[in-house]
Amino acid sequence: MKKDEIEIRSLYRIEELEEVRKLEGKIWGAEDSIPTHQTITAVKNGGMVLGAYSGGQLVAFQYSFAGFNGKMPYLCSHILGTDPDFRNKGIGEELKRAQRVEALKLGYSLITWTYDPLESINGYLNIAKLGGVCSTYIPNCYGEMEDLLNSGLPSDRFLVEWHIEKEKTADFNDGELGLDFMLANSLVQWHWDEKELPVPSGILPLPKQEPAFVAIPKNFRKIRETSMQAAVEWRMKTRAVFTELFERGWLVTGFHKNSMAEIPVQFYVLSKK
C-alpha cells in the first residue's frame, strides 16, 4: 500500500523487527522497548507488525497480537508509533487502514486497542474517521508510566472496539446542533485559567435524552507541559464523567472536531447502547 512516497508492508524478518524496536525507543524514550523475540513470536501466531517506509527508512509502525475474550478471537492492537519528523502526515491513519485489510485476511472481525481519551488527535482518528466505538474506561490502565509521552499522570485509557467488517460503524451528523449547543451542553464545563489554559470547572448532570457531549482539550500535551495541575484536573473530571456514562449504558459513537481557534476544546459524542 502506498500514499504518496509512503510504502506500508507487513514485517516478518528479525532485521525488520529490530528496526521497529529501535524506532519505538526513539519515540517514547524508553530503554525497555518490546523485544524482537516477542514481536516475531506474535507475528508467527496470529499477530502482525506493519511498517511504514519513506525512501527505504522506517518512519512508523504498528504492532498487534492475537487476543481471545473467552467467546471469540480478536486482534489486539498494542502500539502505533510515528517518527516525530513524520507526524501529521496521515501515516497513522494509513497504518490503521492497512491493519484492517490484513486483519480481514487473517479472519478477524474485531480489532481492539487503548488510547488516552484526552489526546484529541487520536480521538478524531479512532472514533470519527475509523468508526471505532467505546464503552469501557480503564483508570490508570498501565500504572505510572515514565516515558516521554505519559510521565506524571495516571495512564487512563479508552478501550476501543473497531468492528472491521464494515468500512465505518460510527458516525455523527452535527449539522443541526452547532458548536454553541455543544458548548452549553457539554457534561464537562471549562474556563480559562491565569495561564490562559482551558481548565475544567463544573460537571453537568447526565442528559435525559441523546446525544451527550463531553469536552476535552484540543491540545492536552501543551496543557500537561505548561501546568500539571490543569492536566490532572482534566484527567479526574473526565474520568468521573466517562465512568458514570459508561456505567449507565452510554457509548462513545462520535467525535466533533472543532476548527474555531478561539474555542480550545473538542467533543466526544455519546448515545445510549
[atom1] of [X] to [atom2] of [Y]: how many Å apart, nearest 0.5 Å?
X      : Y      : atom1 : atom2 : result
Glu93  : Leu130 : CD    : CG    : 6.0 Å
Gln229 : Ile223 : CD    : CD1   : 12.5 Å
Asn140 : Ser155 : CG    : OG    : 4.0 Å
Lys166 : Ser109 : NZ    : OG    : 12.0 Å
Ser54  : Asp83  : OG    : CG    : 10.0 Å
Thr253 : Ile127 : OG1   : CD1   : 8.5 Å

For the side chain of [X] and the backbone of [Y], is there at least one donor-acceptor N/O pair under 3.5 Å apart?
X      : Y      : value
Tyr142 : Arg157 : no
Ser77  : Ser64  : no
Tyr268 : Pro117 : yes
Arg100 : Ile164 : yes
Glu161 : Ile111 : no
Lys218 : Ile263 : yes
Asn258 : Val265 : yes

Taking only residues at least two apart or on different chains, which pairs with a member in [range] satisfy side-chain hydrogen bond (donor to acceptor under 3.5 Å, both in side chains)?
range            : result
residues 188-211 : none
residues 236-250 : Asp156-Arg239, Glu244-Arg248
residues 37-46   : none

Quiz item: Step by step, would you call Val160 with Thr114 a side-chain contact (heavy atoms from CB on, under 4.5 Å)?
Solution: CA-CA 6 Å; Val160 179; Thr114 62; over 6 Å; no
Heavy-atom side-chain proximity of [X] to [Y] below 4.5 angstrom:
X      : Y      : value
Met260 : Leu179 : yes
Arg13  : Leu17  : no
Phe61  : Leu23  : yes
Leu153 : Val232 : yes

Please name the pair of heavy atoms, one in [X] and one in [Y], separated by the smallest distance, quoted to 0.1 Å.
X      : Y      : value
Tyr137 : Pro139 : O-CD, 3.4 Å
Ala230 : Val199 : CB-CG2, 3.9 Å
Thr82  : Arg87  : O-NE, 3.1 Å
Ile27  : Gly81  : CD1-C, 3.5 Å
Pro211 : Val269 : CB-CG1, 3.8 Å
Leu245 : Leu270 : CD1-CD2, 3.8 Å

Please say yes or no: joined through hydrophobic side-chain contacts below 4.5 Å, possibly via intermediate residues, are [X] and [Y] part of one cluster?
X      : Y      : value
Trp113 : Leu104 : yes
Leu118 : Ile138 : no
Leu183 : Val188 : yes
Phe65  : Ile34  : yes
Ile203 : Met182 : yes

Quiz prompt | CA sep, side-chain torsions, deciding dist, call: Arg21, Tyr63, side-chain contact (heavy atoms from CB on, under 4.5 Å) | solution = CA-CA 11 Å; Arg21 187 190 65 79; Tyr63 164 52; over 6 Å; no
Quiz item: Do Ile14 and Ile40 pass the side-chain contact (heavy atoms from CB on, under 4.5 Å) test, and can you show the C-alpha distance, the side-chain angles, and the key distance before you say yes or no?
Solution: CA-CA 7 Å; Ile14 286 284; Ile40 197 167; 3.5 Å; yes
Practice problem: Just do the salt bridge (charged side-chain N to carboxylate O under 4.0 Å, His left out) check on Glu102 and Lys105 with the steps written out, would you? | Solution: CA-CA 5 Å; Glu102 296 304 315; Lys105 290 179 183 178; 3.2 Å; yes
Practice problem: Just do the side-chain contact (heavy atoms from CB on, under 4.5 Å) check on Val20 and Val49 with the steps written out, would you? | Solution: CA-CA 9 Å; Val20 169; Val49 178; 4.0 Å; yes
Exercise. Please list, chain by chain and in numerical order, all residues satisfying ring pair (Phe, Tyr, Trp, His ring centres under 6.0 Å) with Tyr115, sequence neighbours excluded.
Key: Phe158
Self-check item: ring pair (Phe, Tyr, Trp, His ring centres under 6.0 Å) partners for Trp234, two or more places apart
Solution: none
Self-check item: Parallel, tilted or perpendicular: ring planes of Phe267 versus His256, cut at 30 and 60 degrees
Solution: tilted
Practice problem: Assign the ring pair Tyr124 / Phe255 to parallel, tilted or perpendicular, where the plane angle (0 to 90°) is split at 30° and 60°. | Solution: tilted
If you draw a 6.0 Å radius around [atom1] in [X], do more than 12 non-hydrogen atoms from other residues or ligands fall strictly inside?
X      : atom1 : value
Asp85  : CG    : yes
Ile121 : CD1   : no
Lys222 : NZ    : no

Practice problem: Decide yes or no on salt bridge (charged side-chain N to carboxylate O under 4.0 Å, His left out) for Glu225 and Arg221, but give the supporting numbers first. | Solution: CA-CA 6 Å; Glu225 292 167 0; Arg221 293 188 186 184; over 6 Å; no
Exercise. Run the salt-bridge test on Glu16 and Arg9 with the 4.0 Å N-O cut-off and return the result as yes or no.
Key: yes
Exercise. Tell me, with the steps shown, if Arg235 and Asp116 meet salt bridge (charged side-chain N to carboxylate O under 4.0 Å, His left out).
Key: CA-CA 10 Å; Arg235 174 68 84 218; Asp116 187 337; 2.9 Å; yes
Self-check item: Donor-acceptor side-chain pairing of Glu18 and Thr36 below 3.5 angstrom
Solution: yes
Quiz item: Transitive ILVMFWY cluster of Met72 at side-chain heavy atoms under 4.5 Å: who else is in it?
Solution: Tyr74, Leu110
